[in-house]
Every structure is written in structure tokens, then in C-alpha cells.
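Note sheet for the following structure.
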Amino acid sequence: MLSAEDNDLLTRIEHAPMGRMLREYWTPAVRSARLEPGGAPVRVRLFGEDFIAFRGTDGAVGFLAEVCPHRGASLALGRVEECEIRCIYHGWKFRADGQAVETPSEPPERAASLAARVRTTAAATYEAGGIVWVYLGERPQPPAFPGLPFVGLPDDHVRPLAAETSCNWLQAVEGTLDSSHVSILHQSWLDASKGNIAQAAADSSPRYEFDVQEYGVRFAAIRRVADGKAYVRVTEFVMPWTALIATGDEDCMAIIGTPIDDTRSRQWFIRWNSEHPLTEDTDTHAWYEPLTVAPDDFTELLRGKKMWGQDRKAMSAGHFSGIENLVLEDVAIQESQGPIVDRTKERLGASDLAVVRTRRLLLETLRAHTNGSSPRGADIGAALKASSGLAFTVNADVDWRAATEAEMGR
Ligand code: FES
Ligand SMILES: [Fe+2]
């Protein structure tokens with residue numbers, strides 16, 4: 001349970017301290033493949049503000065405030081001219097760094113000096129994991145990009161998908177860190193799973209342990225399984241919104257919950273294989289494939305359906321949730337919690353430890369940032385050495401920390 005004040009501090013990001021803190025981290029914004037060189041700009045709403053992303057003919061990405069600083073026309077209507085964008089209302093033209101370079105509606109003797117004085121909001125950009133990431137914080141220079149495990153992989157080794165959910169960003173993040181729901185909500189998927197994640201079905205009340213790290217928290221959910229063994233799922237929480245989760249097969253998965261505004265979130269699902277191109281014979285492929293018809297917002301698959309498409313007949317026939325896809329099960333649940341969960345009314349138990357610990361870390365980091373400290377993990381750059389999320393079975397008396405280090409070293 002949280003106080004109403006802490007719930008607001010954690011969840012509100014529009015003109016709020018948490019929004020200012022979150023902007024200090026590199027933020028996934030738009031799929032790289034959506035931006036064609038010289039092609040149409042794409043609208044992106046983030047942190048309650050509207051932006052456009054475009055790719056110049058040189059391949060570089062610009063990420064600017066949508067509103068033209070002249071008189072407010074949308075730059076989403078703009079013309080991409082080589083590496084710059086021109087507003088179609090009066091022709092003002094901007095570089096990717098936000099600097100105006102032409103204001104042709106002004107008399108020639110004034111135009112150059114006016115352009116030199118106009119600069120619109122622009123973000124630094126970085127491409128990794130098939131996504132354009134942006135830095136919207138207050139520093140003049142962005143921090144180094146974090147060493148997330150999919151950075152630098154060839155295009156065919158990694159695949160991002162996005163979902164725009166009508167709930168606050170923290171609901172998305174909390175869902176990814178809550179291992180106990182895997183055994184309940186996703187049980188019909190577990191039954192059908194080929195990978196070792198199926199073992200999660202054996203124990204619906206895992207014991208949690210964790211270690212706070214420079215980048216966030218390493219959580220272990222430890223389940224009792226047959227023959228005196230323990231099934232350990234290690235989830236890495238990388239500040240401020242990334243979960244690196246074990247899929248149980250050879251593909252890896254990151255889920256990132258970012259704020260569109262206070263009551264909507266854009267969740268990123270990044271699937272990758274660091275050894276070889278992604279293939280069709282993994283469980284994660286089966287989770288993803290039905291969603292790739294709407295890769296920029298697969299919640300489109302649920303819109304217009306009653307109760308998120310839940311099928312009561314399928315439930316009568318034995319399916320636990322009646323929702324056809326594991327990832328859509330999560331989306332349905334998070335939206336069903338409402339736009340912002342009232343965390344003053346929760347009844348938390350031992351299975352909620354990861355959620356509670358994450359909230360505490362976010363609040364501690366927020367308070368430190370408000371007092372002038374750089375937020376935890378924002379400057380970690382290439383020194384980020386999290387696992388990609390692990391799942392393994394060991395004798396119950398084996399120390400999961402040592403086993404995790406051993407798995408990471410393999
Ligand atoms: S509103 Fe964009 S140039 Fe006038
Ligand atoms: Fe889930």
C-alpha cells in the first residue's frame with residue numbers, strides 16, 4: 001500500500017518530478033523501420049508532449065516538437081527536404097537539431113537573422129534494437145547509451161513491437177516484474193510451452209529474493225519443483241522502466257513501459273537472439289507472431305472488442321483466461337486496473353515483493369534527483385552488465401546468486 005502522495009509522485013509524469021527524472025534516461029520512441037529516408041514524419045507522443053520523428057536523406061533521424069514555433073502548424077505535415085524539415089504553412093525550415101535555417105515568409109534582409117534566433121525543441125537520438133531512442137532531459141549533452149544486451153546486434157537478430165495501452169506507465173512496469181502471475185494468468189500458455197518456462201506452473205507462490213544493483217535490481221523468483229529442485233527465474237530491472245525477462249527458450253526479451261502521458265503508456269517488447277537470426281521455432285516467436293500485424297500498436301487487435309476479446313466459450317473448454325495471447329493477457333489486465341491504480345487501496349502480500357521493492361527504488365531515486373543527484377543508472381553507459389534474464393533449474397540448496405553468475409559466465 002502506498003500513500004496517495006507517493007502514488008501521485010510515482011505515476012504522474014506531466015509537469016511533475018517523475019517526468020523530469022524519467023527524461024534523464026534514453027527513451028524508446030519509434031520503430032526505426034517506420035522512418036524512411038526522406039519519408040513522411042511520424043507523430044510520437046511522449047511524456048505528455050507531441051513530437052515528430054523524421055529521417056533525412058542522409059539516414060540521420062530528427063526528433064522535434066510537433067508544433068512549428070512560428071504559429072503552431074503541425075510539422076507532421078512538413079516536407080522532409082534532404083536532412084531538414086520545412087513547415088508547409090509559411091515555409092520555415094529546421095535542422096534535426098532544432099535550429100531554424102530558413103524563414104522565407106520574412107523580408108530577405110530580416111530572414112537570416114530571424115532564423116538564427118529561432119530554435120525548436122529537439123532531442124538527441126540513438127538507434128538500437130530496431131528502435132529510435134531519444135534523450136529529452138535537461139543536460140546539454142546526452143548520457144552515453146546504456147549497454148543493454150541487444151545493442152549492436154544485426155537487424156535480423158532483433159525485433160521490436162510496441163503497444164499503446166490506456167493505463168499509466170507504472171502498471172506496465174509492475175506487470176513485467178511480477179513473476180507470480182505467470183503461473184496463474186498465463187497458465188494455459190505455460191501448458192502449451194515447449195521451453196523451461198513450463199515449470200513455472202508447478203508453484204504459483206514463488207519465493208522472491210533480490211539484490212539492488214547500480215543499474216536497478218536483480219530479482220530471483222524461486223519455485224519449488226519436483227525432485228527437491230528449484231526453478232529460478234532471474235528478472236533484471238534496469239532503471240527506470242526496463243525488465244529483462246527469461247523466456248525459457250533461446251530468445252531473449254526486454255519489456256519497457258514508457259509514459260505517453262499520465263494515463264497512457266507505450267510498451268516495448270524487444271525480442272532478440274544474440275547468436276543467430278530470429279527463427280520461427282521458439283516460444284517467444286509464438287507469443288509475438290500474431291501481434292506483428294500491428295507492430296507499432298498491437299492493442300489495435302483488442303479495440304472494439306468486448307472485455308478485451310475474452311472468450312468465455314474457450315474458458316468453458318479449459319482455457320484459463322479466455323484471452324488468446326500471453327502478451328494480450330498482460331495488456332488486458334493492466335488496462336483493467338484503470339487509468340491509474342489507486343495504490344492506497346491495495347492488499348499486498350509476499351508475492352508482491354518485486355513490485356514493492358521497485359516502487360521504493362523509484363521513490364528513493366526520485367527524491368535524490370529532486371535534490372540534485374543524477375538518477376540511478378542514467379549514466380551507466382557501457383558499464384551496464386545485467387544478464388538478459390535467466391531461467392534455470394538447480395538443486396534447492398544451491399545459491400541462486402552463484403548460479404546466476406555461473407550462467408552469465410557461460
Ligand atoms: S506556422 Fe510553420 S512556418 Fe508558419
Ligand atoms: Fe504477464
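When a ligand or atom number is given, it counts from 1 through the structure's own listing order. Worth saying up front: this structure is predicted, and the values here are computed from it rather than measured.
Using a 4.0 Å cut-off between heavy atoms, Ala73 contacts ligand 1 through both its backbone and its side chain.
Residues Ser387 and Glu407 bring no donor and acceptor atom of their side chains to less than 3.5 Å of each other. His186 and His181 share a donor-acceptor pair across their side chains, judged by distance under 3.5 Å alone.
A salt bridge links Arg43 with Glu66: the closest approach of a Lys/Arg side-chain nitrogen to an acidic carboxylate oxygen falls below 4.0 angstrom.
Distances from atom 2 (Fe) of ligand 1 show that Cys87 has an N/O/S atom below 2.8 Å. Here Cys68 reaches atom 2 (Fe) of ligand 1: one of its N/O/S atoms is less than 2.8 Å from the metal.
The shortest heavy-atom contact between Tyr215 and Arg218 is OH-NH2, 3.4 Å.
Take the N/O/S atoms of His90: the one nearest atom 4 (Fe) of ligand 1 is ND1. Of all N, O or S atoms in His181, the one lying closest to the Fe ion (ligand 2) is NE2. His70 has its closest N, O or S atom to atom 4 (Fe) of ligand 1 at the position named ND1.
Less than 4.0 angstrom separates some heavy atom of Trp92 from each of these atoms of ligand 1: 3 (S).
With a 4.5 Å cut-off on side-chain heavy atoms, Tyr208 and Ser179 count as touching.
With hydrogens and angles disregarded, a donor-acceptor distance shorter than 3.5 Å links the side chain of Arg55 to the backbone of Ser32. No donor-acceptor pair under 3.5 Å is formed between the side chain of Arg271 and the backbone N or O of Leu278.
Taking atom 1 (S) of ligand 1 as the reference point, the nearest protein heavy-atom neighbour is Arg71 N, 3.4 Å.
One finds an angle of 100° at the Fe ion (ligand 2) between NE2 on His186 and OD2 on Asp330, to the nearest 10 degrees.
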